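Comments concern the structure below.
Computed from a predicted structure; not experimentally measured. To find a chain, count down the sequence lines: A is the first, B the second, and so on, and within it residues start at 1. The basis for the numbers below is simple: all heavy atoms, side chains too, and nothing from hydrogens, waters or symmetry mates.
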2 protein chains.
Amino acid sequence: MPVAKGATLDPAQTRAGILRAATGLLYQRGLDGIGVAELCATMGVSKETLYRHFGSKEGLVRAVLEARSQRIMAWVLKAVAAASDEPYAQLAAVFDALAQWHEEPTFRGCGILNAATQQHEGPARLVAHHHLDRQLDVLTDIARRAGAPNPTHLAKQFLALRVGATVLADHHADTEAALLAKQAALALLRSTITTPAPAPRP
Amino acid sequence: MPVAKGATLDPAQTRAGILRAATGLLYQRGLDGIGVAELCATMGVSKETLYRHFGSKEGLVRAVLEARSQRIMAWVLKAVAAASDEPYAQLAAVFDALAQWHEEPTFRGCGILNAATQQHEGPARLVAHHHLDRQLDVLTDIARRAGAPNPTHLAKQFLALRVGATVLADHHADTEAALLAKQAALALLRSTITTPAPAPRP
DNA sequence: CGGACATCGAACCGAACGGTTCCATCTGAG
DNA sequence: CTCAGATGGAACCGTTCGGTTCGATGTCCG
């Protein structure tokens, strides 16, 4: 938040404000699409302050991405918890939340995967990997409780549908991608459960 | 290819050589990950030559991406044609080719979608949109010939699986993503065909 | 042979970048 | 009241970037 000149209001609060503002700006403009100077000017913060809190632009990016990953996970878990205990309903809830996200006017794809794509080196790749791990855990749990013979494989298929739909919503302006992905995921779960032999042919 | 000093061998050949070399370099390093100077030095071409052939770095990028899109389409169509006339076999062939691509040591995700993610503005977005259009056409044709009640929707689900698997192969080091996506696509096609009513519930 | 053409190599330009430093200013705690 | 600490504002540095220009060199065609 923009403080007057020399405010000791709360360093942690300043840091949180930078983090929140930078999250949106770096997401909309891309990691290399906005410089530290413009970043600071827009946030109403001096470069020295940013440097003292995050050490470098890369440090800021790392903090932003980790915070974003936490926020997304909380958002997904909340959507799952809001649904009934039925795995089908929870799976549907995950993709319904996805559709809702895609419809936001500021939607620009997954900020974490975008960041990992933008900087081939750097911390973004690690954050993206862990982020996908965590999302996979949620989907694996749903698949397992649904009684899937191979929850891990099914969860990876769900995750592919999820990230694929997000890419299509972004790069193909496909507003129904999430809905179709949801239907595909449900059909997949249904057919996996009802099929007696999981067809061990590769 | 690197010509001695003042060679009039063939301007078109020079252009093609630049295009081929730049394709690999821009793919591996990212659009902003390598400058025009290093690009020219690695290719053994002077900046003036590159500038005369492509006008600007953006012009080079546009040419590279359009050539890449053409190449990918030809590659997909060849894989489809190599399979039997059976839509199931052709769908499997598309994802088998995907798996083969993911296993290449130089694999770095889809170069076109990566480019579109790297430069939020610019021609990459358009190329990516058209590229997805063309891929959708191929999948829609397969779905239609398989007798799907809604080939367009099914094709979008296939495409989501395809791009999702590519993202997972890149950002999650998931070597089996393409195989699982293939199985999911086949199961989806099977269940869509065999299911009498396509469940008009959104 | 001679001139048009393509190319290389190098120097150069202005702008933007990430990062650093200095200092006046304001707040809150003692 | 006083002082340590946090901040804003601005200047500054070295680097890199995309792009431009110029002269020397080599090749092909008439």
Side-chain angles (χ1 to χ4, degrees), chain A residues 1-22 25-26 28-65 115 118-124, chain B residues 1-22 25-26 28-65 115 118-124:
Chain A
M1 311 292 282
V3 255
K5 188 66 175 297
T8 317
L9 291 175
D10 188 0
Q13 186 175 335
T14 300
R15 183 191 157 97
I18 295 176
L19 214 51
R20 185 161 9 99
L25 288 168
L26 290 172
Q28 292 297 322
R29 304 271 297 264
L31 298 191
D32 294 332
I34 186 170
V36 176
E38 187 181 354
L39 213 46
C40 290
T42 307
M43 300 188 299
V45 149
S46 72
K47 294 176 71 175
E48 182 174 350
T49 299
L50 187 146
Y51 183 76
R52 184 164 9 89
H53 278 295
F54 298 96
S56 65
K57 187 182 185 181
E58 181 168 311
L60 172 66
V61 167
R62 178 163 32 227
V64 162
L65 293 181
Q118 283 159 7
Q119 44 165 253
H120 277 189
E121 314 296 332
Chain B
M1 306 308 278
V3 253
K5 187 66 177 295
T8 319
L9 291 176
D10 189 359
Q13 187 175 335
T14 300
R15 184 191 156 98
I18 295 176
L19 213 52
R20 185 160 11 97
L25 287 169
L26 290 172
Q28 291 298 322
R29 305 268 300 261
L31 298 191
D32 295 332
I34 185 170
V36 176
E38 187 181 354
L39 214 46
C40 291
T42 307
M43 300 187 299
V45 149
S46 72
K47 293 176 71 173
E48 181 175 352
T49 300
L50 186 146
Y51 183 74
R52 183 162 12 86
H53 279 295
F54 298 97
S56 65
K57 186 181 185 181
E58 180 168 311
L60 172 65
V61 167
R62 178 162 33 226
V64 161
L65 294 181
Q118 282 159 8
Q119 45 166 252
H120 277 191
E121 314 297 331

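Contact check, A:T14 against D:dA6: no side-chain N or O comes under 4.0 Å of OP1 or OP2. Contact check, A:T49 against D:dA6: no side-chain N or O comes under 4.0 Å of OP1 or OP2. Contact annotation: A:R52 reaches the phosphate of D:dT7 (side-chain N/O to OP1 or OP2, under 4.0 Å). Residue B:H53 places no side-chain N or O under 4.0 Å from the OP1 or OP2 atom of C:dA6.
In this view, B:A63 and B:R15, B:L19, B:F54 satisfy the side chain to side chain contact (heavy atoms under 4.5 Å, CB included) rule, not counting sequence neighbours. A search for side chain to side chain donor-acceptor pair (under 3.5 Å) contacts involving A:S56 returns nothing, not counting sequence neighbours. With sequence neighbours excluded, the residues forming a side chain to side chain donor-acceptor pair (under 3.5 Å) with A:S46 are A:T49, listed by chain and number. Under the rule for a side chain to side chain donor-acceptor pair (under 3.5 Å), the partners of B:R29 that lie at least two apart in sequence or sit in another chain are B:E38. Residues forming a side chain to side chain contact (heavy atoms under 4.5 Å, CB included) with A:A115 (at least two apart in sequence, or on another chain): A:L31, A:L65, A:A124.
Summarising the geometry, the separation between CG on A:L39 and C1' on C:dA16 is reported as 15 Å, rounded to the nearest angstrom. What separates CG of A:L50 from P of C:dT20 is a distance of 12 Å, to the nearest Å. Between the C1' atom of C:dC22 and the OH atom of A:Y51 lies a distance of 15 Å, rounded to the nearest Å. Computed from coordinates, the A:L26 CG to C:dG18 P distance equals 10 Å when rounded to whole Å. Rounded to whole Å, atom P of D:dT27 lies 15 Å from atom CD of B:Q13.
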*Show your working on side chain to side chain contact (heavy atoms under 4.5 Å, CB included) between B:L60 and B:L39 and close with a plain yes or no.*
CA-CA 11 Å; B:L60 172 65; B:L39 214 46; 3.8 Å; yes

*Classify every nucleotide of nucleotides 10-18 of chain D by which part a protein heavy atom approaches to under 4.0 Å, writing B for the base, S for the sugar-phosphate alone and - for neither, in 5'-to-3' order.*
--------B

